[in-house]
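For reference, positions follow the sequence shown, starting with 1. Numbering of ligands and ligand atoms starts at 1, following listing order. What you see is a predicted model; the values in this text were computed from it and never measured.
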Amino acid sequence: MSILPFANQYVSELVAYKPGKPIEETAREIGMAPEQIVKLASNENPVGPSPKAVKAMQEAAAHVNIYPDGASYAIRTKLAAQFGVGFENTAVGSGSSELIELLAHAFVKPGAEVLAADYSFTLYEIVTKLLNGRYISVSNKDKWTTDLEALAACITPATRLVFITNPTNPVGSMVGQAEIDAFMAKVPESVVVVFDEAYLDFAEEKVDTVKFVKAGRNVCVLRTFSKAYGLAGARIGAAITTPEIADLLNKARSPFNVNSIIQAGVLAAMDDTEHLNYCINVIKSGRKQYEAAFAAWGIEYVPSHTNFILAKVGSGSEVFRACLQQGVILRPMDGYGLKEYIRISIGTEAENTRCLEVLGKVLGKA
Ligand SMILES: *Cc1c(COP(=O)(O)O)cnc(C)c1O
(Lines give C-alpha, C1' and ligand atoms only; values in the text may rest on other atoms or scores of the structure.)
Protein backbone atom coordinates (compact mmCIF):
# COMPACT_ATOMS: atom_id res chain seq x y z
CA MET A 1 0.00 0.00 0.00
CA SER A 2 1.27 3.45 -0.81
CA ILE A 3 1.66 5.67 2.24
CA LEU A 4 1.48 8.81 0.11
CA PRO A 5 -2.22 9.54 0.81
CA PHE A 6 -1.20 9.92 4.46
CA ALA A 7 1.77 12.21 3.76
CA ASN A 8 1.36 15.99 3.92
CA GLN A 9 0.26 16.92 0.43
CA TYR A 10 2.29 20.16 0.47
CA VAL A 11 5.38 17.98 1.03
CA SER A 12 4.60 15.28 -1.56
CA GLU A 13 3.95 18.01 -4.14
CA LEU A 14 7.39 19.59 -3.63
CA VAL A 15 9.99 19.40 -6.39
CA ALA A 16 13.25 18.30 -4.77
CA TYR A 17 16.32 20.55 -5.09
CA LYS A 18 18.39 19.43 -8.07
CA PRO A 19 22.14 19.74 -7.47
CA GLY A 20 24.80 19.91 -10.19
CA LYS A 21 25.74 16.61 -11.84
CA PRO A 22 28.41 14.79 -9.80
CA ILE A 23 31.85 14.12 -11.33
CA GLU A 24 31.84 10.37 -10.55
CA GLU A 25 28.47 9.85 -12.23
CA THR A 26 29.58 11.75 -15.34
CA ALA A 27 32.88 9.86 -15.50
CA ARG A 28 31.01 6.52 -15.45
CA GLU A 29 28.53 7.64 -18.10
CA ILE A 30 31.04 8.90 -20.65
CA GLY A 31 33.89 6.50 -19.82
CA MET A 32 36.43 9.12 -18.77
CA ALA A 33 38.60 9.14 -15.63
CA PRO A 34 37.18 11.41 -12.90
CA GLU A 35 40.41 13.49 -13.01
CA GLN A 36 39.69 14.39 -16.64
CA ILE A 37 36.29 15.85 -15.85
CA VAL A 38 35.90 19.57 -15.23
CA LYS A 39 32.91 20.40 -13.05
CA LEU A 40 31.76 24.00 -13.33
CA ALA A 41 28.20 23.40 -12.21
CA SER A 42 27.81 24.16 -8.50
CA ASN A 43 29.63 27.45 -7.87
CA GLU A 44 32.29 25.59 -5.93
CA ASN A 45 35.68 27.10 -5.11
CA PRO A 46 38.12 25.79 -7.76
CA VAL A 47 41.20 26.49 -5.63
CA GLY A 48 40.15 24.45 -2.60
CA PRO A 49 40.05 25.22 1.11
CA SER A 50 42.84 26.93 3.03
CA PRO A 51 45.62 24.39 3.74
CA LYS A 52 45.53 25.68 7.34
CA ALA A 53 41.85 24.77 7.54
CA VAL A 54 42.59 21.31 6.15
CA LYS A 55 45.27 20.77 8.79
CA ALA A 56 42.92 21.92 11.56
CA MET A 57 40.21 19.56 10.29
CA GLN A 58 42.64 16.63 10.14
CA GLU A 59 43.63 17.28 13.74
CA ALA A 60 40.00 17.64 14.82
CA ALA A 61 39.14 14.32 13.17
CA ALA A 62 41.13 12.52 15.88
CA HIS A 63 38.67 13.76 18.52
CA VAL A 64 35.31 13.04 16.91
CA ASN A 65 34.35 10.72 19.77
CA ILE A 66 33.50 13.94 21.65
CA TYR A 67 30.33 15.89 20.78
CA PRO A 68 30.94 19.29 19.20
CA ASP A 69 30.41 22.55 21.07
CA GLY A 70 26.67 22.84 20.53
CA ALA A 71 26.77 26.64 20.89
CA SER A 72 29.63 26.99 18.35
CA TYR A 73 31.03 29.46 20.87
CA ALA A 74 34.43 30.13 19.29
CA ILE A 75 33.07 30.67 15.77
CA ARG A 76 30.26 32.94 16.89
CA THR A 77 32.69 35.01 19.00
CA LYS A 78 34.93 35.39 15.94
CA LEU A 79 31.99 36.30 13.71
CA ALA A 80 30.76 38.87 16.22
CA ALA A 81 34.19 40.53 16.22
CA GLN A 82 34.43 40.45 12.42
CA PHE A 83 31.02 42.05 11.89
CA GLY A 84 31.15 44.39 14.89
CA VAL A 85 28.08 42.91 16.58
CA GLY A 86 27.44 41.03 19.82
CA PHE A 87 27.72 37.27 20.31
CA GLU A 88 23.92 37.22 20.75
CA ASN A 89 23.56 38.64 17.22
CA THR A 90 24.99 35.46 15.66
CA ALA A 91 23.86 31.96 14.76
CA VAL A 92 25.48 29.24 12.67
CA GLY A 93 24.00 26.42 10.66
CA SER A 94 24.93 23.39 8.61
CA GLY A 95 25.38 25.63 5.58
CA SER A 96 23.33 28.77 5.16
CA SER A 97 20.79 26.34 3.67
CA GLU A 98 19.97 25.18 7.19
CA LEU A 99 19.59 28.77 8.37
CA ILE A 100 17.16 29.41 5.49
CA GLU A 101 15.12 26.40 6.63
CA LEU A 102 15.26 27.53 10.28
CA LEU A 103 13.98 30.98 9.29
CA ALA A 104 11.01 29.26 7.68
CA HIS A 105 10.44 27.16 10.81
CA ALA A 106 10.47 30.30 12.90
CA PHE A 107 8.18 32.46 10.74
CA VAL A 108 6.20 30.48 8.15
CA LYS A 109 2.86 28.84 8.86
CA PRO A 110 -0.10 28.02 6.59
CA GLY A 111 -1.15 31.19 4.79
CA ALA A 112 2.05 33.11 5.56
CA GLU A 113 3.61 34.81 2.56
CA VAL A 114 7.26 34.67 1.57
CA LEU A 115 8.57 36.99 -1.15
CA ALA A 116 11.62 36.70 -3.37
CA ALA A 117 12.69 37.89 -6.81
CA ASP A 118 12.25 35.82 -9.98
CA TYR A 119 14.99 33.23 -10.60
CA SER A 120 15.87 33.06 -6.92
CA PHE A 121 17.59 30.12 -5.20
CA THR A 122 14.96 27.33 -5.30
CA LEU A 123 15.49 26.54 -1.63
CA TYR A 124 13.44 29.61 -0.59
CA GLU A 125 10.41 28.16 -2.33
CA ILE A 126 11.03 24.65 -1.00
CA VAL A 127 11.25 25.71 2.66
CA THR A 128 8.18 27.95 2.31
CA LYS A 129 6.07 25.15 0.86
CA LEU A 130 7.49 22.67 3.39
CA LEU A 131 5.71 24.75 6.04
CA ASN A 132 2.61 25.16 3.83
CA GLY A 133 3.25 28.86 3.29
CA ARG A 134 2.66 30.87 0.09
CA TYR A 135 5.72 31.60 -2.00
CA ILE A 136 5.45 34.69 -4.19
CA SER A 137 7.99 35.33 -6.92
CA VAL A 138 8.30 39.00 -7.90
CA SER A 139 9.34 40.08 -11.43
CA ASN A 140 12.77 41.59 -11.98
CA LYS A 141 13.70 44.96 -13.41
CA ASP A 142 15.25 44.66 -16.92
CA LYS A 143 14.76 40.87 -16.58
CA TRP A 144 17.83 40.35 -14.39
CA THR A 145 17.92 42.86 -11.54
CA THR A 146 16.02 42.36 -8.28
CA ASP A 147 13.23 44.95 -8.23
CA LEU A 148 13.27 46.16 -4.64
CA GLU A 149 10.47 48.66 -5.25
CA ALA A 150 8.23 45.89 -6.58
CA LEU A 151 9.17 43.64 -3.64
CA ALA A 152 8.25 46.39 -1.17
CA ALA A 153 4.95 46.93 -3.01
CA CYS A 154 4.09 43.21 -2.70
CA ILE A 155 4.35 43.20 1.10
CA THR A 156 0.99 42.54 2.77
CA PRO A 157 0.01 41.95 6.43
CA ALA A 158 0.54 38.20 5.72
CA THR A 159 4.15 38.69 4.57
CA ARG A 160 6.63 37.21 7.05
CA LEU A 161 9.90 36.85 5.11
CA VAL A 162 11.48 38.63 2.14
CA PHE A 163 14.54 36.90 0.70
CA ILE A 164 16.97 39.15 -1.15
CA THR A 165 19.92 37.34 -2.69
CA ASN A 166 22.62 39.90 -3.32
CA PRO A 167 24.45 39.29 -5.58
CA THR A 168 21.88 36.93 -7.11
CA ASN A 169 22.15 33.26 -8.05
CA PRO A 170 21.74 31.97 -10.83
CA VAL A 171 21.84 35.37 -12.56
CA GLY A 172 24.88 37.09 -11.02
CA SER A 173 23.31 40.57 -10.85
CA MET A 174 23.48 42.92 -7.87
CA VAL A 175 21.59 45.78 -6.23
CA GLY A 176 23.48 48.68 -4.67
CA GLN A 177 23.40 50.42 -1.30
CA ALA A 178 21.11 53.31 -2.31
CA GLU A 179 18.38 50.95 -3.55
CA ILE A 180 18.70 48.80 -0.43
CA ASP A 181 18.45 51.85 1.84
CA ALA A 182 15.33 53.07 -0.01
CA PHE A 183 13.80 49.59 0.26
CA MET A 184 14.50 49.30 4.00
CA ALA A 185 12.82 52.67 4.56
CA LYS A 186 9.57 51.13 3.25
CA VAL A 187 9.60 47.71 4.93
CA PRO A 188 7.31 47.37 7.96
CA GLU A 189 8.75 46.11 11.27
CA SER A 190 6.56 42.98 11.09
CA VAL A 191 8.54 41.57 8.14
CA VAL A 192 11.93 39.87 8.40
CA VAL A 193 14.24 40.87 5.53
CA VAL A 194 16.81 38.19 4.76
CA PHE A 195 19.88 39.32 2.83
CA ASP A 196 21.50 36.17 1.45
CA GLU A 197 25.04 37.33 0.68
CA ALA A 198 26.59 34.00 -0.35
CA TYR A 199 28.43 35.72 -3.23
CA LEU A 200 29.21 39.15 -1.79
CA ASP A 201 32.91 38.30 -1.41
CA PHE A 202 33.20 38.27 -5.21
CA ALA A 203 31.50 41.61 -5.86
CA GLU A 204 33.53 44.66 -6.85
CA GLU A 205 31.00 46.88 -5.06
CA LYS A 206 30.43 46.30 -1.35
CA VAL A 207 27.13 46.83 0.42
CA ASP A 208 26.49 47.05 4.15
CA THR A 209 23.35 45.34 5.43
CA VAL A 210 24.73 44.51 8.88
CA LYS A 211 24.14 48.19 9.69
CA PHE A 212 20.39 47.44 9.75
CA VAL A 213 20.99 44.70 12.33
CA LYS A 214 23.02 47.19 14.41
CA ALA A 215 20.13 49.65 14.12
CA GLY A 216 17.77 47.02 15.53
CA ARG A 217 15.87 46.35 12.31
CA ASN A 218 14.38 42.90 11.75
CA VAL A 219 17.04 41.85 9.28
CA CYS A 220 18.95 38.59 8.95
CA VAL A 221 22.20 38.67 6.98
CA LEU A 222 23.32 35.26 5.75
CA ARG A 223 26.93 34.46 4.91
CA THR A 224 28.38 31.14 3.88
CA PHE A 225 31.76 29.44 3.99
CA SER A 226 30.84 27.33 0.95
CA LYS A 227 31.94 29.71 -1.79
CA ALA A 228 34.90 32.07 -1.26
CA TYR A 229 36.27 29.97 1.65
CA GLY A 230 35.99 26.70 -0.28
CA LEU A 231 34.32 24.71 2.51
CA ALA A 232 31.11 23.63 0.72
CA GLY A 233 31.50 19.95 1.54
CA ALA A 234 31.97 20.56 5.26
CA ARG A 235 28.74 22.60 5.61
CA ILE A 236 28.70 25.83 7.58
CA GLY A 237 26.89 29.13 7.18
CA ALA A 238 26.41 32.14 9.45
CA ALA A 239 23.57 34.50 10.34
CA ILE A 240 24.11 38.04 11.63
CA THR A 241 20.78 39.18 12.99
CA THR A 242 18.91 40.59 15.97
CA PRO A 243 19.24 38.77 19.31
CA GLU A 244 15.55 37.80 19.04
CA ILE A 245 15.91 36.21 15.61
CA ALA A 246 19.23 34.55 16.52
CA ASP A 247 17.50 33.09 19.57
CA LEU A 248 14.65 31.72 17.43
CA LEU A 249 17.16 30.12 15.04
CA ASN A 250 19.03 28.59 17.97
CA LYS A 251 15.79 27.19 19.39
CA ALA A 252 14.70 25.69 16.06
CA ARG A 253 17.98 23.96 15.18
CA SER A 254 19.11 20.51 16.20
CA PRO A 255 21.52 20.57 19.18
CA PHE A 256 24.77 19.71 17.34
CA ASN A 257 24.05 21.10 13.87
CA VAL A 258 27.65 22.17 13.14
CA ASN A 259 30.12 19.34 13.56
CA SER A 260 33.43 19.58 15.40
CA ILE A 261 35.57 19.05 12.28
CA ILE A 262 34.16 22.04 10.44
CA GLN A 263 34.18 24.14 13.62
CA ALA A 264 37.95 23.66 13.75
CA GLY A 265 38.29 24.19 10.00
CA VAL A 266 36.37 27.42 9.81
CA LEU A 267 38.27 29.02 12.70
CA ALA A 268 41.52 28.41 10.82
CA ALA A 269 39.98 29.51 7.50
CA MET A 270 38.80 32.81 8.98
CA ASP A 271 42.39 33.60 9.98
CA ASP A 272 43.78 32.78 6.54
CA THR A 273 42.82 35.98 4.73
CA GLU A 274 45.71 35.49 2.32
CA HIS A 275 44.12 32.32 0.97
CA LEU A 276 40.69 33.95 0.88
CA ASN A 277 41.98 36.90 -1.14
CA TYR A 278 43.84 34.59 -3.50
CA CYS A 279 40.61 32.64 -4.18
CA ILE A 280 38.66 35.85 -4.80
CA ASN A 281 41.30 37.05 -7.27
CA VAL A 282 41.21 33.73 -9.17
CA ILE A 283 37.46 34.24 -9.61
CA LYS A 284 37.76 37.87 -10.63
CA SER A 285 40.33 37.12 -13.34
CA GLY A 286 38.37 34.02 -14.48
CA ARG A 287 35.29 36.18 -14.89
CA LYS A 288 37.25 38.41 -17.28
CA GLN A 289 38.34 35.32 -19.27
CA TYR A 290 34.70 34.39 -19.95
CA GLU A 291 33.52 37.94 -20.55
CA ALA A 292 36.28 38.48 -23.13
CA ALA A 293 35.47 35.20 -24.92
CA PHE A 294 31.71 35.85 -24.95
CA ALA A 295 32.20 39.39 -26.22
CA ALA A 296 34.46 38.09 -29.01
CA TRP A 297 31.91 35.41 -29.95
CA GLY A 298 28.94 37.76 -29.74
CA ILE A 299 27.34 35.65 -26.99
CA GLU A 300 24.98 37.48 -24.64
CA TYR A 301 25.83 37.16 -20.95
CA VAL A 302 24.83 38.83 -17.71
CA PRO A 303 27.70 40.89 -16.23
CA SER A 304 28.56 38.93 -13.10
CA HIS A 305 29.23 39.98 -9.50
CA THR A 306 29.69 36.32 -8.49
CA ASN A 307 31.78 33.19 -9.11
CA PHE A 308 29.64 32.13 -12.06
CA ILE A 309 28.34 33.58 -15.30
CA LEU A 310 24.99 33.15 -17.03
CA ALA A 311 25.23 33.00 -20.84
CA LYS A 312 22.66 32.75 -23.62
CA VAL A 313 23.59 29.77 -25.74
CA GLY A 314 20.47 28.72 -27.66
CA SER A 315 19.26 25.47 -26.14
CA GLY A 316 20.84 25.30 -22.68
CA SER A 317 20.02 21.62 -22.22
CA GLU A 318 21.56 20.66 -25.60
CA VAL A 319 24.70 22.67 -24.90
CA PHE A 320 24.84 21.07 -21.44
CA ARG A 321 24.68 17.57 -22.97
CA ALA A 322 27.22 18.32 -25.70
CA CYS A 323 29.72 19.76 -23.19
CA LEU A 324 29.10 16.83 -20.84
CA GLN A 325 30.15 14.42 -23.60
CA GLN A 326 33.47 16.31 -23.69
CA GLY A 327 33.90 16.01 -19.93
CA VAL A 328 32.79 19.54 -18.96
CA ILE A 329 29.87 19.75 -16.55
CA LEU A 330 27.88 23.00 -16.72
CA ARG A 331 24.48 23.82 -15.23
CA PRO A 332 21.41 23.89 -17.46
CA MET A 333 18.79 26.43 -16.34
CA ASP A 334 15.52 24.74 -17.41
CA GLY A 335 14.50 24.40 -13.77
CA TYR A 336 14.50 28.22 -13.53
CA GLY A 337 12.57 28.68 -16.78
CA LEU A 338 15.73 29.93 -18.53
CA LYS A 339 15.89 27.34 -21.30
CA GLU A 340 18.22 29.35 -23.56
CA TYR A 341 20.84 29.82 -20.86
CA ILE A 342 23.64 27.94 -19.25
CA ARG A 343 25.34 28.82 -15.95
CA ILE A 344 29.09 28.35 -15.81
CA SER A 345 30.87 28.40 -12.46
CA ILE A 346 34.26 30.11 -12.73
CA GLY A 347 37.13 27.63 -12.40
CA THR A 348 40.90 27.87 -12.36
CA GLU A 349 42.48 29.48 -15.42
CA ALA A 350 43.20 26.02 -16.91
CA GLU A 351 39.63 24.83 -16.27
CA ASN A 352 38.20 27.98 -17.85
CA THR A 353 40.43 27.56 -20.90
CA ARG A 354 39.27 23.95 -21.33
CA CYS A 355 35.64 24.95 -20.82
CA LEU A 356 35.91 27.74 -23.40
CA GLU A 357 37.57 25.37 -25.92
CA VAL A 358 34.75 22.85 -25.57
CA LEU A 359 32.02 25.48 -25.49
CA GLY A 360 33.52 27.26 -28.50
CA LYS A 361 33.38 24.01 -30.51
CA VAL A 362 29.84 23.19 -29.35
CA LEU A 363 28.64 26.68 -30.28
CA GLY A 364 30.57 26.70 -33.58
CA LYS A 365 32.63 29.69 -32.47
CA ALA A 366 36.12 28.26 -32.20
C1 LIG B 1 25.48 28.62 -2.54
C2 LIG B 1 24.39 29.43 -1.98
C3 LIG B 1 24.19 29.47 -0.61
C4 LIG B 1 25.08 28.74 0.34
O5 LIG B 1 24.58 27.53 0.67
P6 LIG B 1 25.28 26.67 1.82
O7 LIG B 1 24.15 25.90 2.38
O8 LIG B 1 25.88 27.63 2.79
O9 LIG B 1 26.30 25.83 1.14
C10 LIG B 1 23.16 30.25 -0.11
N11 LIG B 1 22.38 30.98 -0.91
C12 LIG B 1 22.56 30.96 -2.25
C13 LIG B 1 21.68 31.81 -3.09
C14 LIG B 1 23.55 30.19 -2.81
O15 LIG B 1 23.69 30.16 -4.13
N/O of [X] under 3.5 Å from N/O of ligand 1, yes or no?
X: T165; value: no
X: R235; value: yes
X: S226; value: yes
X: S96; value: yes

Between N140 and T145, is a side-chain hydrogen bond (donor to acceptor under 3.5 Å, both in side chains) present by the stated rule, with each step listed?
CA-CA 5 Å; N140 283 330; T145 315; over 6 Å; no
Ignoring hydrogens and angles, tell me if any N or O in the side chain of [X] forms a donor-acceptor pair with the backbone of [Y] under 3.5 Å.
X: N89; Y: G86; value: yes
X: R287; Y: T306; value: yes
X: N8; Y: Y10; value: no
X: N281; Y: N277; value: yes

I need the atoms of ligand 1 closer than 4.0 Å to a non-hydrogen atom of [X], numbered in the order shown.
X: N169; result: 14 (C), 15 (O)
X: F121; result: 10 (C), 11 (N), 12 (C), 13 (C)
X: S97; result: 5 (O), 6 (P), 7 (O)
X: K227; result: 1 (C), 2 (C), 3 (C), 4 (C), 14 (C), 15 (O)
X: G95; result: 6 (P), 7 (O), 8 (O)

Can you tell me which residue among F107, Y124, Y135, F121 is in a ring-ring contact (aromatic ring centres under 6.0 Å, His included) with F163?
Y124
Heavy-atom distances under 4.0 Å decide this one: backbone, side chain, both or neither, for A198 against ligand 1?
side chain
Under 4.0 Å, heavy-atom basis, I'd like to know which part of F225 is in contact with ligand 1: side chain, backbone, both or neither.
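Looking at F225 and ligand 1, no heavy atom falls under 4.0 Å.
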Heavy-atom contact under 4.0 Å between N43 and ligand 1?
no
Close approach, E98 and ligand 1, non-hydrogen under 4.0 angstrom:
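Heavy atoms of E98 never come under 4.0 Å of ligand 1.
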Quick test of your reading of the model: are K141 and E179 salt-bridged, counting only N-O distances below 4.0 Å?
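Yes, charged N to carboxylate O under 4.0 Å.
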Once the angle between the rings of Y301 and F294 is folded into 0 to 90°, is it parallel (under 30°), tilted (30 to 60°) or perpendicular (over 60°)?
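Rings of Y301 and F294: tilted, 30 to 60°.
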With a 4.5 Å heavy-atom cut-off, do I344 and I342 have their side chains touching?
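They are in contact (side-chain heavy atoms under 4.5 Å apart), so the answer is yes.
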What residue and atom, counting heavy atoms only, is the protein's closest point to atom 11 (N) of ligand 1, and at what distance?
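Nearest protein contact, heavy atoms only, for atom 11 (N) of ligand 1 is D196 OD2, 2.6 Å.
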